[in-house]
Structures are given as C-alpha cells and as structure tokens.
Amino acid sequence: MSTHKSRFTSTSDTKVGILGAGAIGQLLFHQLTATGCAPYFITRGGNTRQQTLTFTSIENNTSNLSAELFSSVSQSDTHDALAQVMRDTQVIIVCVKAYQVNEAINSILTRIPKDCHLLLLHNGMGPHLQIEKQLSTQGLSVGTTSQGALKLATWHIQQTGCGSSQLGHASGPQLPNRLKDLLLSAIPQSQWCEPVLPLLWQKLAINAAINPLTAIEQCRNGALADIRYRPIIEMIISELVEVAKLEGVELDKLVLTNRVYEVIKLTANNFSSMHQDVANKRQTEVGSINGYIVARARVHHLNCKTNEDLYNQITKIESQYPI
Ligand code: PAF
C-alpha cells in the first residue's frame, strides 16, 4: 500500500463544499477553516444564510465560527446561490449517512462542475458503486474516519476522539496533489492510501461486528469483549473475509479479529452509532454494513448467514418503530 504525505502551504483560494452538516461535516468545517481554507455547507433545508457554529475541543475549549449555508432544495433564489458558489468549487466532501448519499448527490448533480472532485466519507460501503456510474468527468475518492464528534446542539459539536482517517482514489480522474495536500493537512492523522478499499473493508469488519450486536444487546461496545460473543464475532469476520476475497480484496482474518477486539477495548465506554440510532428510533446504517456484505455475497452466490441474521434482526427492530 502506498501513502501520500502532505506538503501543503496555502489554501485561501480553494473552495470546498461540505454536503451534510452532521457532526463529522461540522468537525471538518472547523478543521478546514483552521488550515486557512473557506469551506461552505450544502444542506437540504432552509435558505442561503450565515450560521454561527460552536466547537468544543477534547480539552473543553469552546470557540465560534461563521459558516455559509447553501440549500440544495428547489427555491429559486437559493438555487442560484448554490449554483454560483459551486461553479468554482474544487472538492465536495459528502458527509451524509450512507443511505442518504444517492439522494444528496442527485440533488446537486447537475450543478457539480466538470473538474470538481467528490470525496465520500461515511460508515459502511456501497454508495460509491452507484455514484461512480453517475459521474461523467468528475473524479471520486472514498474514505473512512474514526474521528469522533458529538452534536451537543444543531450547530454545536464536541470533538470526542482523535481517530485517524484514510482516504484514497475510487474512480475517474485522481484528486490533484494540491487538493490531497489540503485535505491531509486539514484532517489530523489522515493519510492518502492506495489502494484504499482494503481499509474500507477493515472498517466494515469493525462496524459489522460491533454495531448490530451492541444495538441488539443494548450494551456499550466494551461488553462485546465477553467470551460469549467470540463465536458470533468470528463468524461475522469469516464471512466478510470470504466475500472480500471474491471482490478481489485479501484480508487476514486474525489481523482483522485482533483489530475488532482492539476497537472494542479502545471504545469500551461508547455506545455505537447503531446502538444510538436504535435507542433514538432512527434509521440505522445496517444496509451499508451487514447488508452490504450480504448483497455482495449474493452477487457471488455465497451465503452469509450470520451477517444476514443480524441484518434481519436490525431491520425488524426498525420496522417496529412507532410511525
Ligand atoms: O459506528 C460506530 O459507532 C463506530 O464506527 C465504532 C468504531 C464502532 C465505535 O463505536
């Protein structure tokens, strides 16, 4: 695997759009602004406007920033404003949930400049397969991050963990080095990795093992260290390794299992994102986590019983949410 180190100097002329203003989108906004770049948000609702963002660091220092928000929803005035700002945008970072990626990109597709680059950053896998077919001239990169951020209020986030981020090429033209350098200097502990897919599969294994089990058992990540979960965790990983192999990605089951247990230990006190989604009766990302493993297995006429069972249990829980 090759990695790219940042040699970045100045950024103020670089326009970066952030599609999705969730916790990770806002964290990236703060990190990009700190590098001297002028990012802006593309959101679904509201009008084009200025918004004050509050950021609380891990050390509990709080600061404010002003952000420009552009709505992608059909409102004649905001449409024009978004089209105008997108005209000289060089990168759009897509920070919505995996199941929202298609719709979010489709809402801006006709306005994406021909030489703009897209970076998908979400839990799970899958959306890039659809998006790469829809892009004509634009390049696509994908990434995974274990940076942690929590929304304390709509426009107030707290950074909860300084994880690493791995980014890499998916399809079309490569992200120019100047823009790679910008992203790598803005995002702490980030690396440009080629090939990046094995790293996405590795993160998928972590999510496939931890997320549904903690949501079903209603426990913190650390509870999965109990020996009684070992057989199911091993089955989840074995199935994933088999599917990844058929997809051309070789993974080492033991290395992956050790990594899953390391994350269980490192995040022992956390409630996983799927646990939180189920607790708050929100749609989960299971479709792009265990569901993705099952879907890719089907393409290769393979059965992934354990992942399929977990997928079915989570979708059943979702179907029982009050309307
Ligand atoms: O989705 C999550 O919650 C996180 O990716 C992880 C690593 C499982 C930790 O909670």
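Bear in mind that the values here come from a model prediction, so they are computed numbers and not experimental data. Ligands are counted one by one from 1 in listed order, and the atoms in each one are counted from 1 as well.
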> Mind checking what makes salt bridge (charged side-chain N to carboxylate O under 4.0 Å, His left out) contact with E247, not counting sequence neighbours?
R296
> What do the steps show when you test H156 against K151 for side chain to side chain contact (heavy atoms under 4.5 Å, CB included), and what is the final call?
CA-CA 6 Å; H156 182 182; K151 258 192 179 185; over 6 Å; no
> Every pair of nitrogen or oxygen atoms between ligand 1 and the protein that is under 3.5 angstrom apart - can you list them with their distances to 0.1 Å?
residue	atom	partner	partner atom	Å
ligand 1	1 (O)	N123	ND2	3.1
ligand 1	1 (O)	N207	ND2	3.3
ligand 1	1 (O)	N211	ND2	3.1
ligand 1	1 (O)	S273	OG	2.6
ligand 1	3 (O)	S273	N	2.8
ligand 1	3 (O)	S273	OG	3.4
ligand 1	5 (O)	N207	ND2	2.9
ligand 1	10 (O)	N221	ND2	2.9

> Name each donor-acceptor pair under 3.5 Å that joins a side chain in residues 86-97 to protein atoms two or more places apart or in another chain, with its distance.
residue	atom	partner	partner atom	Å
T89	OG1	Y40	OH	2.7
T89	OG1	V85	O	2.8
Q90	OE1	K15	N	2.9

> Give me the atom names and distance for the closest heavy-atom approach of Q147 to I24.
O-CD1, 3.5 Å
> Ignoring hydrogens and angles, write down the donor-acceptor pairs under 3.5 Å from the side chains of residues 207-222, residues two or more places apart or on other chains.
residue	atom	partner	partner atom	Å
N207	ND2	N211	OD1	3.4
N211	ND2	S273	OG	3.3
T214	OG1	I210	O	2.8
T214	OG1	N211	O	2.9
T214	OG1	S272	OG	2.8
E217	OE1	Y229	OH	2.6
R220	NH1	N269	O	2.7
N221	OD1	S272	N	3.3
N221	ND2	T267	OG1	2.9

> Just wondering, do V260 and L224 contact through their side chains at under 4.5 Å, heavy atoms?
no
